[in-house]
Amino acid sequence: MENKTLPILLKNQKILLIGGGNVALQKADVLLQNKIDFKVVASILDYRIKTVSPKVEQKDFELSDIEDYKIIIDATGNMEVTNVLLEYKKTHDILLNVVDVPEYCDFYFMALTKNRPLQIAVSSNGASPTAAKHFRDECEALIPKDITAYLEKKQIQRDSGIIQVEETQKELIKRSSKIYLVGCGTGDVELLTLKAYKIIKSVDVVFIDHLIAQEILDIIPESTKKVFVGKQKGFHSVKQAQINKLLLEEAATGSSIARLKSGDPYIFGRGSEEAISLVKEGVSVEVIPGISSAIAGPLLAGIAPTARGYATNLSIVSAHLAGNRINLEWVPMLKMGNHTVVVLMGVSRAVQIQECAKSIGVDMKTPVAIISNASRKNQSTQIGTLKNMDTLCENAPRPALIVIGDVVNLHEILPKMD
């Protein structure tokens with residue numbers, strides 16, 4: 001059916017809702033959510049209607065109930081009531097909606113997105129409310145969560161006489177973009193979360209660093225744009241500031257983007273730096289957790305980072321700081337009992353860690369495990385103590401992590417990665 005209509009908003013609406021069953025309850029809930037003044041008249045009332053409307057009269061409908069209402073909803077399903085209203089309409093200026101009877105309706109209810117400054121209404125001309133709700137939800141997903149604050153800012157600018165159409169268009173394109181910081185775990189594609197998998201398969205662009213395993217790269221569709229931003233020690237790589245800039249440039253095109261991060265984005269993955277940079281520029285960001293090698297590595301090597309009788313505490317540390325500086329502030333924790341320390345980016349610093357531990361009196365017989373290529377087919381584990389940790393690290397394939405503590409002894413007992 002072709003409608004002759006305009007998308008309009010009515011101010012100071014007053015609506016009379018006739019009916020007290022489930023259909024009337026649905027309409028009442030919509031009116032309440034959109035802050036519309038309405039009154040309910042019905043002989044039989046669903047008790048829940050009283051919770052959504054302060055104006056309720058439990059009585060048989062009479063024409064006198066119309067009073068000065070100009071918009072009326074008939075949700076009774078009673079043809080006798082409908083006929084009375086249709087006859088009344090012949091001599092009175094009212095807008096009538098007879099629920100689920102399109103031919104008697106002067107207007108339809110549209111499926112509305114959330115009630116906020118930017119609201120989208122979707123109509124199927126009464127043919128299929130389900131279809132209207134489906135596409136309403138699709139539209140809702142396109143609206144940035146912070147749109148209310150953005151429009152309030154725009155209102156202030158407009159009130160001040162500032163109208164920048166081109167600038168606003170650029171801002172909106174950027175806001176329609178979304179960047180996912182996706183934790184890709186340790187490399188095993190089967191250890192991706194379902195959400196990470198779906199995002200990788202669906203976005204327009206992926207940003208990839210050198211630690212992302214080939215089996216994860218293989219699930220990226222051929223049509224997806226790929227941007228390589230490897231950050232590898234000892235090799236030419238893209239600096240973090242440049243990565244942030246590239247992400248913003250892609251966001252300015254309105255694309256959906258997945259920044260693939262090894263492990264978990266926030267566990268020594270510099271994901272927070274990228275998120276802060278993007279959020280400051282008004283880009284929508286979502287972080288997808290991933291399994292960190294700090295957790296998966298020991299587990300797959302038959303080492304429980306915490307276990308009763310071995311360790312009740314766990315610390316995850318990095319031996320590497322910005323500017324290629326070493327971090328040894330955590331080494332005193334090696335003197336703590338019932339404690340496990342997992343060291344990331346520490347293999348190349350083994351000698352300094354060893355010397356620092358010895359200088360402060362750490363027991364050099366403390367068990368140590370070096371776990372390389374966690375979860376991948378070439379995963380390997382070397383077991384020793386702090387005393388020979390330098391030799392173990394020197395021969396260990398990279399990337400690798402270090403586990404220090406009595407839990408390393410569980411390596412001979414617990415099941416390991418096949």
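Just so you know, these numbers use all the heavy atoms, side chains as well, and skip hydrogens, waters and symmetry mates. The residues of the chain are indexed from 1 along the displayed sequence.
The shortest distance between side-chain heavy atoms of R349 and V343 does not fall below 4.5 Å. With a 4.5 Å cut-off on side-chain heavy atoms, W330 and I353 count as touching. Looking only at side-chain heavy atoms (C-beta outward), L260 and D209 stay at 4.5 Å or farther from each other. Looking at heavy atoms from C-beta onward, F109 lies out of side-chain contact with V99 at the 4.5 angstrom threshold. Here the side chains of E273 and I276 are not in contact, with every heavy-atom distance at 4.5 Å or above. Counting heavy atoms from C-beta outward, R48 and N22 have side chains that approach closer than 4.5 Å. Counting only heavy atoms from C-beta outward, the side chains of K14 and K39 never approach each other to under 4.5 Å. Proximity of L151 to Q155: side-chain heavy atoms (C-beta onward) are nowhere separated by under 4.5 Å.
Considering all non-hydrogen atoms of both residues, A24 and I49 come closest at CB-CD1, 4.1 Å. What you find for I179 and A251 is that their closest heavy atoms are CD1-CB, 4.2 Å. Nearest approach of V182 to A258, heavy atoms of both residues: CG2-CB, 4.1 Å. Of all non-hydrogen atoms in E190 and D188, the two that sit nearest each other are N-OD1, 2.9 Å. When all heavy atoms of S177 and S284 are compared, the closest pair comes out as O-CB, 3.7 Å. Between L334 and A357, the shortest heavy-atom distance links the atoms CD1-CB, 4.3 Å.
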Quick one, I295 with L314, criterion side-chain contact (heavy atoms from CB on, under 4.5 Å). Give me CA distance, side-chain angles, the key distance, then yes/no. CA-CA 10 Å; I295 302 299; L314 168 66; 4.2 Å; yes
Before you tell me yes or no, could you show the steps for I220 and L217 under side-chain contact (heavy atoms from CB on, under 4.5 Å), namely the whole-Å CA-CA distance, both residues' side-chain angles and the distance that decides it to 0.1 Å? CA-CA 6 Å; I220 302 172; L217 297 181; 4.0 Å; yes
Please assess V52 against V40 for the test side-chain contact (heavy atoms from CB on, under 4.5 Å), listing each intermediate value before the final yes or no. CA-CA 10 Å; V52 298; V40 179; over 6 Å; no
Assess the residue pair I360 and V362 against the criterion (side-chain contact (heavy atoms from CB on, under 4.5 Å)); give the C-alpha distance rounded to whole Å, side-chain angles, the decisive distance to 0.1 Å, and a yes or no. CA-CA 6 Å; I360 62 173; V362 176; 3.8 Å; yes
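Shown here is I44, whose CD1 atom has no more than 12 heavy atoms of other residues, nucleotides or ligands within 6.0 Å. In this structure, R158 places its CZ atom where only 12 or fewer heavy-atom neighbours from other residues, nucleotides or ligands lie under 6.0 Å away. Applying the 6.0 Å contact sphere to CZ of F268 captures more than 12 heavy atoms from other residues, nucleotides or ligands. Residue-environment remark: CD (E67) exceeds the threshold of 12 foreign heavy atoms within 6.0 Å. Counting heavy atoms of neighbouring residues, nucleotides and ligands inside a 6.0 Å radius, atom OH of Y104 does not exceed 12 of them. Surrounding CG of L194 are at most 12 heavy atoms belonging to other residues, nucleotides or ligands under 6.0 Å away. Around atom NZ of K377, no more than 12 heavy atoms belonging to other residues, nucleotides or ligands sit under 6.0 Å away.
In terms of modelled atom types and a separation under 3.5 Å, the side chain of S53 and the main chain of V56 share no donor-acceptor contact. Between the side chain of K133 and the backbone N or O of A111, no donor-acceptor pair lies under 3.5 Å. Remark: side-chain polar atoms of N115 are paired, donor with acceptor, to backbone N or O of Q33 under 3.5 angstrom. Of the possible donor and acceptor atoms, one in the side chain of T168 sits under 3.5 Å from a partner among the backbone N and O of Q164. A donor-acceptor pair under 3.5 Å is absent between the side-chain atoms of Q382 and the main chain of I370, judged by distance alone. Checking side-chain atoms of R376 against main-chain N and O of T186 turns up a donor-acceptor pair under 3.5 Å. With hydrogens and angles disregarded, no donor-acceptor distance shorter than 3.5 Å links the side chain of S292 to the backbone of G263. Remark: side-chain polar atoms of S256 are paired, donor with acceptor, to backbone N or O of D204 under 3.5 angstrom. With S318 contributing its side chain and M345 its backbone, the two residues share no donor-acceptor pair below 3.5 Å. Checking side-chain atoms of H339 against main-chain N and O of G405 turns up no donor-acceptor pair under 3.5 Å.
The list of side chain to side chain donor-acceptor pair (under 3.5 Å) pairs with a residue in residues 93-102, not counting sequence neighbours, is empty. Annotation: salt bridge (Lys or Arg N to Asp or Glu O under 4.0 Å) contacts involving residues 103-130, sequence neighbours excluded, comprise K89-D106, R116-E140. Sequence neighbours left out, the pairs with a member in residues 46-98 that pass ring pair (Phe, Tyr, Trp, His ring centres under 6.0 Å) are Y88-H92. For residues 307-331, no pair satisfies salt bridge (Lys or Arg N to Asp or Glu O under 4.0 Å), with sequence neighbours left out.
Between the side chains of Q157 and K154, at least one donor N or O sits under 3.5 Å from an acceptor N or O. Using modelled atom types and a 3.5 Å distance limit, the side chains of E87 and N83 yield no donor-acceptor pair. For the 3.5 Å distance criterion, the side chains of N338 and T312 fail to qualify, holding no donor opposite an acceptor.
Note that CG of L85 is 11.5 Å distant from CD1 of I73, once rounded to the nearest 0.5 Å. Atom CG of L247 is separated from atom OG of S277 by 8.0 Å, given to the nearest 0.5 angstrom. To the nearest 0.5 Å, the span separating CG on L96 from OG1 on T82 amounts to 7.5 Å. Distance check, rounded to the nearest 0.5 Å: CG of L321 to CG of N327 gives 4.5 Å. Here the CD1 atom belonging to I15 is positioned 5.0 Å from the CD1 atom belonging to I36, to the nearest 0.5 angstrom. With rounding to the nearest 0.5 Å, the separation of SG in C184 from CD1 in I219 is 7.5 Å.
Contacts of D37 classified as side chain to side chain donor-acceptor pair (under 3.5 Å), with partners at least two apart in sequence or in another chain: K55. Legend: residues meeting side chain to side chain donor-acceptor pair (under 3.5 Å) with E250, ordered by chain and number and at least two apart, are K225.
Checking each of I200, V205, V206 against V203 for a side chain to side chain contact (heavy atoms under 4.5 Å, CB included) leaves exactly one that passes, namely V206.
The residues E286 and K195 are annotated as salt-bridged, a charged nitrogen and a carboxylate oxygen being separated by less than 4.0 angstrom. Of the charged side-chain nitrogens involved, none lies within less than 4.0 Å of a carboxylate oxygen, so that E166 and K170 do not count as a salt-bridged pair.
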